[in-house]
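Order of the sequence lines sets the chain letters (A, B, ...), proteins ahead of strands, with each chain counted from 1. Hydrogens, waters and symmetry mates play no part in the numbers below; they use all other heavy atoms, side chains included. The structure displayed is predicted, hence computed values, not measured ones.
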Number of protein chains: 2
Amino acid sequence: MRKEVVESAASNVVPPVDLSDVGEIRDILGFHIRLAYVTVYRHFMETFSDLDLTQKQVSVLWLVSDNPGVAQTDLAQRLHMDRATTMGIINRLEGRGLLRRGPSPQDRRRKTLYLTPAGEEVLKRAKAAIWEHENWLKSRFTKREVQTLMGLLDRIHT
Amino acid sequence: MRKEVVESAASNVVPPVDLSDVGEIRDILGFHIRLAYVTVYRHFMETFSDLDLTQKQVSVLWLVSDNPGVAQTDLAQRLHMDRATTMGIINRLEGRGLLRRGPSPQDRRRKTLYLTPAGEEVLKRAKAAIWEHENWLKSRFTKREVQTLMGLLDRIHT
DNA sequence: GCCCTATTGTGAGCGTAGCGTACAATTGGC
DNA sequence: GCCAATTGTACGCTACGCTCACAATAGGGC
């Protein structure tokens, strides 16, 4: 099924004998992803210091706004979150009056989510901040490179 | 569900007039980085469930092993971490007996870090696990794509 | 030599977020 | 109508990021 793409310093066909030698930490793709994520996250937090929202919180607001009435489980799935984790985020946002839970007409186990007017307002401002943040992030790439990068990243999380 | 499918055609030349409209959340590069990171992190934790180490902890062990006697501040800088955050990680690793702090000959404010034999042993096993993890991650890319991806990610955190 | 500032490690406290586990209510297949 | 699966919820634990504060030390200017 999966191609065996063995890495750089090791030979191309035969797995390395000493498994403990993975080469330099600089050759570890996961390491680079983490560093990039941390950098982006940090700048995001700076940009959003006045709105006091995290990436995940904005993601949730955005998705709920685009899909009013969505259930928590669907939300969790789309954002790759645990159900329990989703709970915490929803609780916080609800506590701040940015969204509300309502009953679901079809399934009484489910709760439907929708933004309050305050939530919509905050999201609107958040999007403006994101525009700024994205410009900062994308400024180091050409449009083509952004497409390439997104395409490659997509292959990881899908 | 209203969906404005702007797709990749979004704002090719002119910045959008309405700053609050950043398009689909799918067009946000930061969003993709976060999803990719979460996916990688999750798989990492699965791979390391028996060793009970996080990405950061392995990174610290690795860097200390490669640079014995390094100071905490230098470590923090290389891993893009806060000094206080670094403290916590070092404390945990020291508490588990994987590394130790020693005095610095030149600067009495500094502490030098070095792995214990147990730490070296754990790192050795961690590297084997990383080899597995990296194969899983890189299996979806060609060698060339891995290089491209790393190059693009590097531009973010440097 | 002596001050002033910067650096380094440390601690306490707060917030976000991930996970496992357990449980009640509800649904849906059989 | 019963049983397994789903959904939301709560609780506890851990990791980790931040701020702020403080003590010890270092280094530059005088």
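- Rounded to whole Å, the distance from CD1 on I90(B) to C1' on dC16(D) is 14 Å.
- Taking the screw axis at each terminus of the helix from dG1(C)-dC30(D) to dC30(C)-dG1(D) from five consecutive base pairs, the angle between the two is 30° to within rounding of 10 degrees.
- Salt bridge present: E94(A) and R101(A) bring a charged side-chain N and a carboxylate O closer than 4.0 Å.
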What one-letter contact string describes nucleotides 17-30 of chain C from 5' to 3', where B marks a base within less than 4.0 Å of any protein heavy atom, S marks contact via sugar-phosphate atoms alone, and - marks no contact? BBBB----BBS---
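- The CZ-P distance, from R110(B) to dT8(C), rounds to 5 Å in whole Å.
- Between the CD atom of Q77(A) and the C1' atom of dT7(D) there is a distance of 13 Å, rounded to whole Å.
- In this structure, CZ of F48(A) is placed 18 Å from C1' of dG17(D), rounded to the nearest angstrom.
- Using a 4.0 Å cut-off, some side-chain N or O of R101(B) falls inside it from OP1 or OP2 of dT10(C).
- Inter-residue side-chain proximity for L53(B) and F44(B) is flagged as unmet; no heavy-atom pair is nearer than 4.5 Å.
- Applying the ring-ring contact (aromatic ring centres under 6.0 Å, His included) test to every pair with at least one member in residues 79-117 of chain B, sequence neighbours left out, gives these pairs: H80(B)-H157(B).
- Atom CD in E94(A) sits roughly 12 Å away from atom C1' in dT9(D) (whole-Å rounding).
- If you measure from atom CZ of R96(B) to atom P of dA15(D), you get 8 Å, rounded to the nearest angstrom.
- The shortest distance between the side-chain N/O atoms of T73(B) and the OP1/OP2 oxygens of dG9(C) is below 4.0 Å.
- As rounded to whole Å, 13 Å separates atom C1' of dA15(D) from atom CG of L53(B).
- Rounded to an integer number of Å, the gap from CE of M45(B) to P of dT14(D) is 13 Å.
- The closest donor-acceptor contact from the side chain of E145(B) to the backbone of T142(B) lies under 3.5 Å.
- Hydrophobic clustering, with ILVMFWY side chains joined whenever heavy atoms are under 4.5 angstrom apart, groups L93(B) together with L63(B).
- With salt bridges taken as basic N to acidic carboxylate O contacts below 4.0 Å, one links D74(B) and R110(B).
- If you chain together hydrophobic residues whose side chains sit under 4.5 Å apart, M87(A) and L115(A) never meet in one group.
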